[in-house]
Amino acid sequence: MHRGAVYPLGMRKFLWGVATSAFQMEGAPRCDWTHWKIRDEADRKARLHGVGHIERTEEDLALLSDLGVNAYRFSVEWSRVVPRRGEWNRRELDRYVRIAASLRDSGIEPVVTLHHFTNPAWLVGRSAWENPATAAEFLRFAERAVRALRDSVRVFITFNEPNVFIVAGYFAKRMPPGGKRAREGLAAFANVLRAHGTLYDMIHALGRERPAVGLAHNMVAFHPASDKSALDRWAAGVAHTFYNMGLIETFRTGTFSVRIPFLLDEETPVGVRDKVDFLGVNYYFRMFLRMSPLSLKGPDPFWEDRGGRGLTETGWEVYPKGFEDVLRAAALAGVPIVVTENGTAETDDLRKIAYMKEHLRVVRRMIREGIDLRGYFWWSLMDNYEWLEGLRPRFGLFHVDFDTLARRPTDASSYFSRWVRRRIAADEAARRHNTP
Ligand code: IFM
């Protein structure tokens with residue numbers, strides 16, 4: 001944590017919250033996801049309006065108060081604030097500023113993500129993050145956003161899951177820009193990291209209240225499909241080193257290295273050494289990797305229920321032990337950790353609650369073990385637009401009727417609410433006890 005610096009104000013208490021992102025809640029008419037591989041009419045509508053959050057902002061903020069959380073993570077949609085090259089929509093930015101201010105007024109810490117997957121359509125017509133000009137445009141937007149938000153926001157997340165949007169956008173081609181080559185993907189990753197470093201300094205220079213700046217990193221518990229196969233074990237090890245630890249190493253050394261024995265060995269200085277006040281960890285599942293000697297395309301990833309807890313609506317395996325493993329690995333970053341996302345898509349509330357219980361228990365265990373955990377955010381406040389699967393998987397604490405967009409509480413929201421209220425009260429009692 002800025003090793004030795006004064007502790008950022010927004011993180012003095014353990015943050016118990018829920019997370020969302022702008023596109024998933026409110027859609028966006030002018031971003032690279034707006035028309036990306038649309039499936040049907042319902043999908044098209046959801047990309048434009050999400051789950052109607054813009055029209056229901058007050059109602060949705062009231063749900064946060066009902067839950068009793070002390071933090072809310074949301075994002076600012078770049079393409080709404082800068083809908084066309086050089087054009088600024090101050091009204092859109094003010095909307096996010098009002099949300100942040102209203103959260104602060106009600107004692108809920110706003111945690112703002114500046115980039116959550118989407119880019120303005122005007123920008124990516126030609127190229128995306130592999131082009132350094134994208135970073136320059138993004139930093140122009142981010143500077144305005146930070147200036148506007150700095151009176152209410154003390155915790156910023158620069159990027160959400162760069163490893164996901166780079167791997168899915170350039171290697172697996174399942175997200176925009178798609179159709180790019182791996183080499184461009186590595187250049188894009190380096191540009192994102194450089195932009196993070198610049199933004200880190202910028203937020204510290206502009207921030208009014210000793211801001212905390214982090215990045216939300218997706219971590220996966222990689223396992224070999226068969227423990228007996230040396231190739232499977234090798235693939236799981238490489239995936240862990242590249243996907244999970246690559247970013248953590250980059251924060252420690254300032255150099256982005258990609259080392260895949262016999263294939264790649266590259267080092268790019270990106271200037272981010274120690275430029276992270278907390279590491280955000282997004283954890284969902286374990287993934288198996290199978291590698292056959294004839295596999296030219298690399299390892300074959302898959303989910304399978306090997307622990308008897310079943311698969312979720314997104315086909316992911318429920319594997320709480322993996323949460324422990326990734327948190328211990330994340331601790332090697334040497335900075336505090338905030339779980340910026342954890343959750344599961346289940347329509348069956350009992351299954352959702354079972355997942356929640358087991359993962360919250362891990363949080364408690366890790367704190368006891370001495371891992372410097374400073375927050376936990378459930379993904380998500382309510383059912384919303386899920387990138388690859390649209391309006392189907394239900395990650396929400398609040399159920400959304402996708403026809404009427406009505407929200408309703410669930411047993412999972414009651415369970416989570418009881419848990420966070422108890423934890424927040426206990427933390428406050430401990431603080432009062434320790435404050436002379
Ligand atoms: O919905 C996403 C979120 O936007 C980023 N992390 C994973 C979530 C579930 O897939």
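Whatever order the structure lists them in is the order used to number ligands and atoms, beginning at 1.
Among the atoms of Glu161, some N or O lies under 3.5 angstrom from an N or O of ligand 1. Of the polar atoms of Ser21, none of the N or O atoms is found under 3.5 Å from an N or O of ligand 1, judged by distance alone. Remark: ligand 1 and Trp316 share no N or O pair separated by less than 3.5 Å (distance only, no angle test).
A ring-centre distance under 6.0 Å is found for Phe159 and Trp129. Aromatic ring centres of Phe117 and Trp33: separated by at least 6.0 Å.
For ligand 1 and Phe395, the ligand atoms under 4.0 Å from any heavy atom of the residue are 9 (C). Interface atoms of ligand 1 facing Glu341, defined by a heavy-atom separation under 4.0 Å, are 3 (C), 5 (C), 6 (N), 7 (C), 8 (C). Contact atoms of ligand 1 toward Gln24: 1 (O), 2 (C), 3 (C), 4 (O) (distance under 4.0 Å to a heavy atom of the residue). Listed by atom number, the atoms of ligand 1 under 4.0 Å from Glu386 heavy atoms are 1 (O), 2 (C), 9 (C), 10 (O). Atoms of ligand 1 found under 4.0 Å from any heavy atom of His116 (numbered from 1 in listed order, with element): 3 (C), 4 (O), 5 (C).
In this structure, the side chains of Val363 and His359 stay at 4.5 Å or more apart for every pair of heavy atoms.
Classification of the Trp316-Tyr284 ring pair by plane angle, with boundaries at 30° and 60°, yields perpendicular.
When all heavy atoms are compared, the tightest approach of His196 to Thr158 is ND1-OG1, 2.7 Å.
For the pair Arg144 and Trp88, the distance from NZ or CZ to the six-membered ring centre is under 6.0 Å and the angle to the ring normal is within 45 degrees. Cation-pi geometry between Arg306 and Phe288 is met: under 6.0 angstrom from the ring centre, within 45 degrees of the axis.
Within the structure, the closest approach of Asn160 to ligand 1 falls below 4.0 Å when heavy atoms are considered.
For atom 8 (C) of ligand 1, the closest heavy atom belonging to the protein is Tyr284 OH, 3.4 Å.
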